[in-house]
Amino acid sequence: MSWEAELADLDATGQAELVRRGEARPAELVEAAIARIEKVNPQLNAVILPLFDKARQMAASAELPDGPFRGVPFLLKDLDAFSAGDPYHAGSRFLRAADWKPDRDSYVVQKLRAAGFVILGKTNTPELGLNVTTEPLAYGPTRNPWDPTRSTGGSSGGSAAAVAAGMVPAAHASDGGGSIRIPASECGLVGLKPSRGRVSLGPEYGEFWNGLVVAHAVTHSVRDSAAILDAIAGPMPGDPYTAPPPARPFREEVGEPPGRLRIGILDHVPGGRTTLHPDCVAAVREAARLLDSLGHIVEESYPAAIAETEEFLPHFFTLIASWTAAALDELSARTGKPLDRGQFEPTTWAFAELGRACPASQYVAAVQSLERFTRRMASWWDQGFDLLLTSTLGEPPPRLGELRPPPDNPLGTDRALALIPFTAQFNITGQPAISLPLHWSAGGLPIGVQLVAAYGREDLLLRIAAQLEQARPWRGRRPPIHA
């Protein structure tokens with residue numbers, strides 16, 4: 001069929017259109033995606049739990065929902081979402097040994113299925129999402145299709161590698177400190193972190209990491225990011241809070257003129273804790289010039305609170321450590337197995353020990369401090385700014401192994417924090433932020449730029465992202481390892 005050779009370059013919306021026009025059947029899309037996975041996954045180690053037989057059955061079934069993405073192949077990150085009857089390992093040797101399988105779908109998986117996506121398998125992730133690179137001991141490293149010696153980022157690194165290499169057009173991702181945006185930047189993709197409460201984490205959780213974690217996807221195109229958000233957004237029974245509903249479907253924001261926006265630019269790390277790599281500075285400066293050429297007002301301005309690294313980081317880690325301790329207890333309860341230190345990575349165990357030693361009063365104080373930080377950050381947008389422009393990361397994709405903590409310092413936070421000077425702040429504030437693949441280094445490595453809007457304003461991010469995508473298209477770039 002004439003479209004087979006082109007499928008690896010079509011986004012999810014394009015593949016869905018083939019099905020709607022009768023030019024392809026869901027089973028054909030699924031078989032082609034399985035072939036692509038089998039071709040390139042051995043080089044990348046992105047898909048760790050294939051579910052091909054179930055996918056074939058669903059694609060051929062009359063019960064396949066007639067949603068907007070009917071028949072489109074998709075992958076689930078093996079973290080933050082359950083799929084009924086499928087292994088759930090979360091990058092952990094403990095769960096892998098227990099062979100634990102949930103008995104129901106998470107709400108986000110229910111909605112993905114209702115949209116018509118066919119789930120082909122699950123992707124690699126660092127253990128419990130606690131690292132900014134996808135190199136779990138349980139499954140080994142995922143390699144970057146732009147350079148297999150490089151990291152794909154974390155914790156959605158497996159999903160990002162699979163999409164960048166053309167295995168599937170889009171894949172599930174989640175973000176608690178940058179875990180959608182980091183892999184999107186390192187793999188040359190679109191990565192939108194929605195507002196807190198936009199996508200339900202139920203029925204398992206009302207919130208995770210005290211509201212830092214949110215789910216969505218990594219995609220090639222802005223229109224896919226918008227349409228997938230339409231499919232999975234919205235409150236579900238029992239959610240403790242929800243983001244304000246959009247004025248219209250997010251897909252309708254794509255191509256809508258954003259108007260003349262006031263955009264602050266930040267091209268350095270305030271406070272001097274670390275220094276941005278020259279490629280990241282160049283990415284921000286080029287994006288600023290492009291925005292200026294499109295008629296926007298670009299100013300050297302940013303929230304003063306973003307420089308408060310030493311103030312917010314200890315409280316940020318208090319939340320993560322406390323939730324990690326609770327997560328390990330939950331894994332033991334779900335599997336019926338006692339916790340075994342030898343089956344967890346040193347970083348995970350160190351976080352859990354910190355969490356167990358944290359008194360309740362310290363946890364509450366951390367939450368209150370981060371709430372005050374959020375108010376200080378939000379005041380900058382309240383002064384008339386629409387967007388903040390930064391680099392997504394502090395450097396190009398690191399080499400594999402560079403971010404593995406040394407034995408004498410299992411937390412290894414300084415090296416990781418140098419990579420992510422601008423991501424975790426917006427998990428704390430709950431604001432939507434998007435990484436766009438607008439720059440490549442001289443060595444051919446993708447460098448993402450980040451745009452951040454006020455809480456609840458994904459519509460504005462999608463408008464500006466679509467404008468930038470049209471002005472500086474990135475879809476023509478293919479990594480050296482590609483299906």
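Just so we're clear, the structure is a prediction, and the values are computed from it rather than from any experiment.
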Check whether any side-chain heavy atom of Pro397 sits under 4.5 Å from a side-chain heavy atom of Thr152, and report yes or no.
no
Lys/Arg N to Asp/Glu carboxylate O, Glu300 vs Arg285, below 4.0 Å:
yes
Could you check, using the six-membered ring where one of them is a Trp, whether Trp474 and Trp440 have ring centers closer than 6.0 angstrom?
no
Have Thr374 and Thr429 got a donor and an acceptor in their side chains that come within less than 3.5 Å?
no
Is the closest side-chain donor-acceptor distance between Thr347 and Glu345 under 3.5 Å?
no
How far apart are the closest heavy atoms of Asn144 and Cys187, and which atoms are they?
ND2-SG, 4.2 Å
Residues that Arg475 engages under salt bridge (Lys or Arg N to Asp or Glu O under 4.0 Å), provided they are two or more places apart
none
Rounded to the nearest 0.5 Å, the CE atom of Met236 sits from the OG atom of Ser106 at a distance of 10.5 Å
At what distance, to the nearest 0.5 angstrom, does OH of Tyr88 lie from CG of Leu76?
11.0 Å
With distance as the sole criterion, is a donor-acceptor pair present between the side chains of Asn210 and Tyr363 under 3.5 Å?
yes
Between Ser225 and Val190, what is the shortest heavy-atom contact and its length?
CB-CG1, 4.2 Å
Distance-only, no hydrogens or angles: does the Arg260 side chain make a donor-acceptor pair with backbone N or O of Gly295 under 3.5 Å?
yes
Distance check, rounded to the nearest 0.5 Å: Ser322 atom OG versus Phe317 atom CZ?
13.0 Å
Please report the interatomic distance CD1(Ile182) to NZ(Lys193), rounded to the nearest 0.5 Å.
12.0 Å
Arg248 vs Glu253, test: side chain to side chain contact (heavy atoms under 4.5 Å, CB included). Steps then yes/no.
CA-CA 8 Å; Arg248 57 184 173 177; Glu253 303 298 345; 3.0 Å; yes
Considering only heavy atoms from C-beta outward, does the side chain of Thr390 approach that of Val449 to under 4.5 Å?
no
Can Thr219 and Asp224 be counted as having a side-chain donor-acceptor contact under 3.5 angstrom?
no
Keeping to residues at least two apart or across chains, list the ring pair (Phe, Tyr, Trp, His ring centres under 6.0 Å) pairs with something in residues 154-203.
none
Taking atom types as modelled and ignoring hydrogens, do the side chains of Glu371 and His315 form a donor-acceptor contact shorter than 3.5 angstrom?
no
Measuring centre to centre across the rings, with the benzene-like ring taken for any Trp, is Trp100 within less than 6.0 Å of Phe82?
yes
Are side-chain heavy atoms of Leu212 and Leu319 found at a separation under 4.5 Å?
yes
Hey, are the side chains of Ile119 and Leu75 touching, using non-hydrogen atoms and a 4.5 Å cut-off?
no
Distance only, no hydrogens: is a donor on one side chain within 3.5 Å (strictly under) of an acceptor on the other, for Asn124 and Thr142?
yes
Pair Tyr241-Glu207, side-chain donor/acceptor within less than 3.5 Å
yes
Side-chain ion pair, Glu458 and Arg198, N-O less than 4.0 Å
yes
If you take all heavy atoms of Ala160 and Leu189, which pair is closest and at what distance?
O-CD1, 3.4 Å
Pair Tyr302 + His268: ring centers closer than 6.0 Å
yes
Under 3.5 Å, is there a donor on one side chain and an acceptor on the other for Lys77 and Ser156?
yes
Heavy-atom donor-acceptor pair, Ser195 side chain to Gly456 backbone, under 3.5 Å
yes
Should the pair Arg375-Asp382 be classified as a salt bridge under the 4.0 Å nitrogen-to-oxygen rule?
no
Determine, stepwise, if the pair Trp349 / Leu328 fulfils side chain to side chain contact (heavy atoms under 4.5 Å, CB included).
CA-CA 9 Å; Trp349 199 261; Leu328 293 198; 4.0 Å; yes
Do Ser435 and Gln450 have side-chain N/O donor and acceptor atoms under 3.5 Å apart?
no
Distance-only side-chain donor-acceptor flag, Asp78 / Thr125, under 3.5 Å:
no
Please determine whether a side-chain nitrogen of the Lys or Arg among Asp175 and Arg181 lies less than 4.0 Å from a carboxylate oxygen of the Asp or Glu.
yes
Hey, mind stepping through Glu311 and Arg376 against salt bridge (Lys or Arg N to Asp or Glu O under 4.0 Å) and telling me if it holds?
CA-CA 13 Å; Glu311 288 76 17; Arg376 292 194 295 275; over 6 Å; no
Minimum-distance pair of heavy atoms, taken over all atoms of Leu229 and Val199:
CD1-CG2, 4.0 Å
Could you check if a side-chain atom of Ser174 sits within less than 4.5 angstrom of a side-chain atom of Phe208, using non-hydrogen atoms only?
no
Nearest heavy-atom pair of Arg70 and Asp66: which atoms, and what distance?
CD-OD1, 3.4 Å
Non-hydrogen side-chain atoms of Leu276 and Val269 separated by less than 4.5 Å:
yes
Those residues at least two apart in sequence (or on a different chain) that pass side-chain hydrogen bond (donor to acceptor under 3.5 Å, both in side chains) with Glu299 are Arg262
Using 4.0 Å as the upper bound for N to carboxylate O, is an ion pair formed by Arg273 and Glu310?
yes
Does Ser391 use its side chain to pair, donor to acceptor, with the backbone of Val284 at less than 3.5 Å?
no
Shortest non-hydrogen contact between Tyr107 and Pro237, atoms and distance:
OH-O, 4.0 Å
Keeping the roles fixed (side chain from Ser185, backbone from Gly448), state whether a donor-acceptor pair exists under 3.5 Å.
yes
Point-to-point distance, once rounded to the nearest 0.5 Å, from CG of Asn131 to OG of Ser155:
9.5 Å
Verdict with supporting geometry, Glu135 and Arg404, salt bridge (Lys or Arg N to Asp or Glu O under 4.0 Å)
CA-CA 8 Å; Glu135 303 179 47; Arg404 187 177 297 282; 3.7 Å; yes
Taking side chain as C-beta onward, heavy atoms only, is Gln467 less than 4.5 Å from His296?
yes
Output the distance between atom OG (Ser151) and atom CD (Glu186), rounded to the nearest 0.5 Å.
4.5 Å
Under the criterion side-chain hydrogen bond (donor to acceptor under 3.5 Å, both in side chains), I'd like the reasoning laid out for Glu127 against His89: C-alpha separation, chi angles, the key distance, then a yes or no.
CA-CA 9 Å; Glu127 188 170 57; His89 296 162; over 6 Å; no
Do Trp209 and Asn427 come within less than 4.5 Å of each other through their side chains, counting heavy atoms only?
no
Checking side chain to side chain contact (heavy atoms under 4.5 Å, CB included) for the pair Val168/Val163: CA distance, chi angles, key distance, verdict?
CA-CA 5 Å; Val168 291; Val163 175; 4.1 Å; yes
Could you give me the CA-CA distance, side-chain angles and deciding distance for Leu387 and Leu460, then say whether side chain to side chain contact (heavy atoms under 4.5 Å, CB included) is met?
CA-CA 9 Å; Leu387 299 171; Leu460 190 57; 4.2 Å; yes
Please check if the side chain of Thr348 supplies one atom and the backbone of Phe344 the other of a donor-acceptor pair under 3.5 Å.
no
